[in-house]
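We count residues from 1, following the sequence as given.
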Amino acid sequence: MPPSSSSPSQPPVDAALVAAIHHLDVVAHEQELAVNRILGLVELLLASAPDRVTHARLEGILEACAFQDLAGQRLTKVGRLLRYLREKASPGDELSAHVPPTSDGLTQEQVDLLLRGRRLPR
């Protein structure tokens, strides 16, 4: 069950971060369960000694499931960033106070720095 959006003791930014972290955790878990189910079913089908064409197609499914590892790593990094921002946010704080203003948003280098838990240069 997701955390409540905001309570009297929890500032809006904190509540938003808690909810975002929760949703990322749920997505990562559900994705892992789904891929594990797919992998298990494909392994069962492979064990039944299918013809070469079917075998190749099943191996293609196994290879396509490799996305889960990379996606899981990225979800973990984003979750780490959100946890870091939650720790750094003060009551009543706005998230934008922790990110330097830019006219076009963040560059890829800035996003990478944040995902590594580093501060952005001002």
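In this structure Arg74 satisfies the salt bridge (charged side-chain N to carboxylate O under 4.0 Å, His left out) test with no other residue, sequence neighbours excluded. Evaluation of the side chain to side chain contact (heavy atoms under 4.5 Å, CB included) rule for Leu81 yields Leu85, Leu114, Leu115 as partners, not counting sequence neighbours. In this structure, the side chain to side chain contact (heavy atoms under 4.5 Å, CB included) partners of Arg57, at least two apart in sequence or on a different chain, are Val53. His29 is linked by a side chain to side chain contact (heavy atoms under 4.5 Å, CB included) to Leu33, counting only residues two or more places apart in sequence or in another chain.
A 4.5 Å side-chain heavy-atom check between Pro50 and Leu45 finds every atom pair outside the cut-off. Contact annotation: the side chain of Thr76 approaches that of Arg80 to within less than 4.5 Å [non-hydrogen atoms, C-beta and beyond]. Side chains of Leu75 and Gln31 form a contact here, defined as non-hydrogen atoms less than 4.5 Å apart.
Each side chain to side chain donor-acceptor pair (under 3.5 Å) pair with one or both residues in residues 40-51, not counting sequence neighbours, appears once here: Asp51-Thr54. Annotation: salt bridge (Lys or Arg N to Asp or Glu O under 4.0 Å) contacts involving residues 16-36, sequence neighbours excluded, comprise Asp25-Arg83.
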Contacts table for residues 62-70: side-chain donor-acceptor under 3.5 angstrom, sequence neighbours left out:
{"residue": "Asp69", "atom": "OD2", "partner": "Gln73", "partner atom": "NE2", "Å": "3.2"}

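Between atom CD1 of residue Ile61 and atom CD1 of residue Ile38 there is a gap of 8.5 Å, rounded to the nearest 0.5 Å.
Note on Val27: it clusters hydrophobically with Ile21, by side-chain heavy-atom contacts below 4.5 Å among ILVMFWY residues.
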